[in-house]
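Okay, structure first, notes after.
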Number of protein chains: 2
Amino acid sequence: MSQRNTGVTVQAVNAQACPVREVLDRVSGKWSVQILVAAAHGPIRFTELERGIEGISRRMLTLTLRNLERDGLVTRTVHPTVPPKVEYELTPVARELHETLQRLTDWAERNRVYIAESRAAYDVEHDKEQV
Amino acid sequence: MSQRNTGVTVQAVNAQACPVREVLDRVSGKWSVQILVAAAHGPIRFTELERGIEGISRRMLTLTLRNLERDGLVTRTVHPTVPPKVEYELTPVARELHETLQRLTDWAERNRVYIAESRAAYDVEHDKEQV
DNA sequence: CAGAATCCCCGCGGATACTG
DNA sequence: CAGTATCCGCGGGGATTCTG
């Protein structure tokens with residue numbers, strides 16, 4: 001979406017008309033799914049997420065959590081203690097999503113080798129004439 | 001991945017260790033899924049895809065098709081006629097993927113209203129104190 | 001502990017023009 | 001018809017620093 005004039009409109013139209021894009025927008029972003037997976041077992045604290053998800057920055061963890069919260073996929077519970085304690089938990093809707101994502105993961109695991117081999121074959125086939 | 005030094009390594013490790021990211025890398029990108037959906041009915045020509053997928057550019061159609069082909073998700077068949085005719089078709093593996101994507105789409109349709117309402121609620125809740 | 005703010009890089013993807 | 005090639009802008013997201 002790098003257009004200045006029509007970008008917003010097109011995006012809105014696509015999102016409304018196309019459930020495919022709608023779900024992808026929800027699940028895209030580098031960290032959304034991993035957060036959903038990490039939080040699937042039950043309430044989890046900010047720092048636990050941070051340590052459980054390899055490579056995520058504080059910033060992105062916060063941002064992604066905010067978006068998930070906005071979409072009604074996680075709840076954010078602040079315990080007014082000191083030091084502060086904030087727990088995140090999946091909503092029922094997110095739990096459904098997590099189940100269907102599981103199928104995708106299964107697919108990936110079943111076909112990981114096939115894909116790797118396809119890539120390798122494709123690369124040999126197409127690289128050998130350049131350099 | 002905007003790092004210069006560790007970027008490649010981290011990505012590779014993640015892709016190998018984490019089927020979640022692996023499948024997302026396959027499915028992310030603005031057009032991959034829509035192409036898979038459009039090609040699900042059977043062999044389809046380049047131009048048919050271009051017209052069937054609202055808003056896609058020639059460039060992105062080509063690039064995304066190349067990637068899908070590289071991953072062994074679509075086959076590319078060139079008919080040596082004039083004018084040229086190129087047909088794309090899903091591989092069995094991609095057809096499996098398409099089925100599981102269907103579940104995701106179903107989820108999106110079931111919960112589209114819930115998500116929209118959640119967003120609206122969140123926005124009212126958080127915007128009213130600024131400006 | 002759980003963020004908010006700021007800066008900055010790079011790569012996705014759009015627009016446009018040219019070819020076998 | 002089915003691409004390639006080039007240029008360019010936006011925004012995702014990393015690194016870093018500062019707070020209640």
Side-chain angles (χ1 to χ4, degrees), chain A residues 1-11 14 21 24-35 39 43-69 74 76-88 126 129-130, chain B residues 1-11 14 21 24-35 39 43-69 74 76-88 126 129-130:
Chain A
M1 225 64 52
S2 60
Q3 285 174 303
R4 292 118 303 220
N5 36 4
T6 61
V8 177
T9 312
V10 170
Q11 189 175 37
N14 276 350
R21 280 238 56 77
L24 283 182
D25 287 346
R26 220 97 333 283
V27 149
S28 80
K30 200 171 172 179
W31 304 108
S32 308
V33 175
Q34 295 186 65
I35 290 181
I44 187 170
R45 303 185 57 176
F46 187 87
T47 316
E48 294 176 328
L49 283 169
E50 193 177 7
R51 277 177 306 200
I53 302 178
E54 185 102 10
I56 197 172
S57 65
R58 239 189 198 84
R59 170 184 147 82
M60 286 317 294
L61 181 54
T62 305
L63 282 181
T64 311
L65 281 171
R66 289 291 175 277
N67 282 329
L68 291 175
E69 189 192 356
V74 305
R76 177 171 179 272
T77 313
V78 182
H79 298 86
T81 61
V82 45
K85 171 176 177 177
V86 181
E87 285 188 319
Y88 294 91
H126 291 76
E129 305 193 6
Q130 57 194 56
Chain B
M1 225 65 51
S2 59
Q3 285 174 301
R4 293 116 302 216
N5 36 2
T6 61
V8 176
T9 312
V10 170
Q11 190 176 37
N14 275 350
R21 281 240 53 79
L24 283 183
D25 287 347
R26 224 95 332 282
V27 148
S28 80
K30 201 172 172 180
W31 304 107
S32 307
V33 175
Q34 294 185 67
I35 291 181
I44 187 169
R45 302 185 57 176
F46 187 88
T47 316
E48 295 176 328
L49 282 169
E50 192 177 8
R51 277 177 306 202
I53 302 177
E54 185 102 11
I56 197 171
S57 65
R58 236 188 201 87
R59 171 184 145 82
M60 286 318 294
L61 181 54
T62 303
L63 282 181
T64 311
L65 281 172
R66 289 292 176 276
N67 282 328
L68 292 175
E69 190 193 356
V74 305
R76 177 170 179 272
T77 314
V78 182
H79 299 85
T81 61
V82 45
K85 173 175 177 179
V86 181
E87 286 188 319
Y88 295 90
H126 291 76
E129 305 192 7
Q130 57 193 55

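Below, chain A is the first sequence line, B the second, and so on; all start at residue 1.
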key: For the student: nearest non-hydrogen atoms of A:Q34 and A:K30, plus distance   =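 Distance-wise, the nearest heavy atoms are NE2-O, 3.5 Å.
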
query = Any idea which heavy atoms bring B:V78 and B:P80 closest together, and the distance?
reply =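 That would be O-CD, 3.5 Å.
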
Value in whole Å for how far the [atom2] atom of [N] lies from [atom1] of [X]:
X: A:I53; N: D:dG13; atom1: CD1; atom2: P; result: 13 Å
X: A:K30; N: D:dG11; atom1: NZ; atom2: C1'; result: 15 Å
X: B:L24; N: C:dC12; atom1: CG; atom2: P; result: 15 Å
X: B:E54; N: C:dG14; atom1: CD; atom2: C1'; result: 15 Å
X: B:E50; N: D:dC1; atom1: CD; atom2: C1'; result: 10 Å
X: A:W31; N: D:dG12; atom1: CH2; atom2: C1'; result: 12 Å
X: B:K85; N: D:dA2; atom1: NZ; atom2: P; result: 9 Å
X: B:L65; N: D:dT4; atom1: CG; atom2: C1'; result: 15 Å

Kindly indicate whether the side chain of [X], heavy atoms from C-beta on, has any atom under 4.5 Å from the side chain of [Y].
X: B:I35; Y: B:Y88; answer: no
X: A:T47; Y: A:R51; answer: yes
X: B:T62; Y: B:R59; answer: no
X: B:R58; Y: B:L61; answer: no

Given [options], which nucleotide is nearest the side-chain atoms of [X]?
X: A:R45; options: D:dA2, C:dG3, C:dA2; answer: C:dA2
X: B:R66; options: C:dC1, D:dG3, C:dA2; answer: D:dG3
X: A:T47; options: D:dC1, C:dG3, C:dC1; answer: C:dC1

key: Of A:P84 and A:S28, the one whose closest DNA chain D nucleotide lies more 5'   =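 So the residue in question is A:S28.
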
ask   = By a strict heavy-atom criterion of less than 4.0 Å, which residues belonging to residues 55-63 of chain B are in contact with DNA chain D?
value =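 B:R58, B:R59, B:T62 - these, ordered by number, are the residues of the stretch whose heavy atoms sit under 4.0 Å from the strand.
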
task = Check the pair A:V27, B:V27 against side chain to side chain contact (heavy atoms under 4.5 Å, CB included), reporting the backbone distance first and the verdict last.
result = CA-CA 10 Å; A:V27 149; B:V27 148; over 6 Å; no

